[in-house]
Each structure stands twice: as C-alpha cells, then as structure tokens.
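This report refers to the structure that appears directly beneath it.
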Amino acid sequence: MLLFILFYILVIPICVLLHEIGHGLGVVSLSKSDVHIYLGKRNKENKENFRIGRFHFHIVWSYVGFADWKGNLNKRQRIAALAGGPVMSLLLVFIFGWIALLVPQGDLRSFFLGATFLNLSMFLFTILPMTYPRWMGSLYGHPSDGLQLLRLLRK
C-alpha cells in the first residue's frame, strides 16, 4: 500500500518532470536559449522556484508539465526540443524495465513495472499525433509532441 501511495505522490510527477527536462535538453544542447520547465500549469501563479544553468524550474505538485523556451529556434533545434520529451520517456521505459528485471518478484518489482508502463503510456500519448481531448484536463486542446513534430516536418 505504501508503494502505491508513493507511486501516485512522487513517481508520476517526477516522471512528468523528467519528460519536460527531456524537452529542455533538446533546447539547451542545440541552442543558446533558456528553457522554463513547468510542473503544473504554465501561468503567472507558477513562479520560478530555482534554476540550474539555463534551466528555470517552475514546480508545483501536479500530473501535467510543460517546457517553454524563448527565442527563435531553427527547424533542427525545434525537432530536438519536441522529440526530447518522448525520447526521455522512452529511455525511462528501458531503465525502469531493466530495474524490474533485476529485482526479485514482489511489490518492488510491481512498483518498477508500474513505472515502466507509466512511461510507456507517456511516450505513446505524447508521440502520437493528436490534439489532446477534454478528458486530459489541463492538456485539453494542446497538440501532442508528435503532432507538433509532424507539422514541423511537413513544412
């Protein structure tokens, strides 16, 4: 039961944060732009908590996140920025899946398998080209990373 509570209180928000950091890595590795990482809504109430280099973190406990960067990125830089989040989620699928294989059967393995499937779901929901439906809450109406990538590649 404790692992279940920890999963919902810590693992989901941390995985969302890591997905957004993946976008940020795409930005800072190929440009001079700063990146603002939001855990929670991207609004004026979500103030900057801290910064690490060109990463500015705006964190409130939440299950949604956003990455925002200033400046005009060229096509290659925008592709890297948009793909960075899904790539990070896919990397987490492999990391948590590998850990799940290493731990003995039981609650801990179930915990890591849950994290594996969470990140696989995040990867799929972000890489599939779609506009998020109403039931996805704060993401409603926003284009997925995959849709933004598809639009960018068609230009």
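Keep in mind that the numbers below use all heavy atoms, side chains included, and drop hydrogens, waters and symmetry copies.
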Q) Does Ser89 have any side-chain hydrogen bond (donor to acceptor under 3.5 Å, both in side chains) partners at least two apart in sequence or in another chain, and if so, which? A)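 So Ser89 forms a side-chain hydrogen bond (donor to acceptor under 3.5 Å, both in side chains) with His19.
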Q) What pairs with Asn119 under side-chain hydrogen bond (donor to acceptor under 3.5 Å, both in side chains), at least two apart in sequence or on another chain? A)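 Expected list: none.
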Q) Is it true that a side-chain atom of Lys75 and a backbone atom of Lys155 form a donor plus acceptor pair closer than 3.5 Å? A)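 Yes, Lys75 side chain to Lys155 backbone: donor-acceptor pair under 3.5 Å.
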Q: Would you check if the side chain of Asp145 reaches a backbone N or O of Gln148 as a donor-acceptor pair within less than 3.5 Å?
A: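 Flag not set: sc Asp145 to bb Gln148 has no pair under 3.5 Å.
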Considering residues at least two apart in sequence or located in another chain, which fulfil the side-chain contact (heavy atoms from CB on, under 4.5 Å) criterion with [X]?
X: Leu18; value: Ile14, Ile21, Met88, Leu92
X: Ile9; value: Ile5, Trp61
X: Phe111; value: Leu3, Phe7, Val11
X: Arg76; value: Leu30, Asn74

Q. Does NZ in Lys32 sit with more than 12 non-hydrogen atoms of other residues, nucleotides or ligands closer than 6.0 Å?
A.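 No, not enclosed.
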Q. Quick check: are there more than 12 heavy atoms from other residues, nucleotides or ligands sitting under 6.0 Å from CZ of Phe94?
A.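 Open: at most 12 neighbouring heavy atoms sit under 6.0 Å from CZ of Phe94.
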Are [Y] and [X] co-members of a hydrophobic cluster defined by side-chain heavy atoms under 4.5 Å apart?
X: Leu120; Y: Met136; result: no
X: Phe96; Y: Met122; result: yes
X: Val60; Y: Val16; result: no
X: Leu6; Y: Leu108; result: yes
X: Val64; Y: Ile12; result: no

Which atom names give the shortest non-hydrogen contact between [X] and [Y], and what distance separates them?
X: Arg78; Y: Leu152; value: NH2-CD1, 2.7 Å
X: Val35; Y: Ala67; value: CG2-CB, 4.4 Å
X: Pro13; Y: Leu39; value: O-CD1, 3.8 Å
X: Asp34; Y: Val27; value: O-CG1, 4.5 Å
X: Ser144; Y: Pro129; value: OG-CA, 3.6 Å
X: Thr126; Y: Pro86; value: OG1-CG, 3.7 Å

Q: Kindly state each residue pair satisfying salt bridge (charged side-chain N to carboxylate O under 4.0 Å, His left out) with at least one member in residues 44-60, sequence neighbours excluded.
A: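 Passing the test, one end in residues 44-60: no pairs.
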**Q.** Pairs flagged by salt bridge (charged side-chain N to carboxylate O under 4.0 Å, His left out) wherever residues 60-71 is involved - sequence neighbours left out
**A.**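 Residue pairs passing salt bridge (charged side-chain N to carboxylate O under 4.0 Å, His left out), neighbours aside: Asp68-Lys70.
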Q | Inter- and intrachain pairs under ring-ring contact (aromatic ring centres under 6.0 Å, His included), touching residues 27-50, at least two apart | A |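 Applying ring-ring contact (aromatic ring centres under 6.0 Å, His included) to every pair that reaches into residues 27-50, excluding sequence neighbours, yields His36-His56, His36-His58, Tyr38-His58, Phe50-Phe57.
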Q: Give every residue pair that meets the ring-ring contact (aromatic ring centres under 6.0 Å, His included) criterion with at least one member in residues 112-155, sequence neighbours excluded.
A: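 As it turns out, the ring-ring contact (aromatic ring centres under 6.0 Å, His included) pairs with a partner in residues 112-155, which skip direct neighbours, are Phe66-His142.
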Q: Apply side-chain contact (heavy atoms from CB on, under 4.5 Å) to the pair Asn43 and Asn46, showing each step before the final yes or no.
A: CA-CA 6 Å; Asn43 59 26; Asn46 193 350; 3.7 Å; yes
Q | Side chain proximity check, Ile79 to Leu149, heavy atoms < 4.5 angstrom | A |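 Yes, side chains in contact.
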Q) With a 4.5 Å heavy-atom cut-off, do Trp69 and Val28 have their side chains touching? A)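 No; the side chains remain at least 4.5 Å from each other.
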Q) When rounded to the nearest 0.5 angstrom, what distance separates CG in Leu118 from CG in Leu113? A)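 It is 12.5 Å, given to the nearest 0.5 Å.
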Q.
List the residues meeting ring-ring contact (aromatic ring centres under 6.0 Å, His included) with Tyr8, not counting sequence neighbours, and say none if there are none.
A.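 In terms of ring-ring contact (aromatic ring centres under 6.0 Å, His included), with neighbours along the sequence ignored, Tyr8 is linked to Phe4.
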Q.
Could you work out, with salt bridge (charged side-chain N to carboxylate O under 4.0 Å, His left out) as the rule, every residue matching Asp107, not counting sequence neighbours?
A.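 By the salt bridge (charged side-chain N to carboxylate O under 4.0 Å, His left out) rule, Asp107 matches no residue at all.
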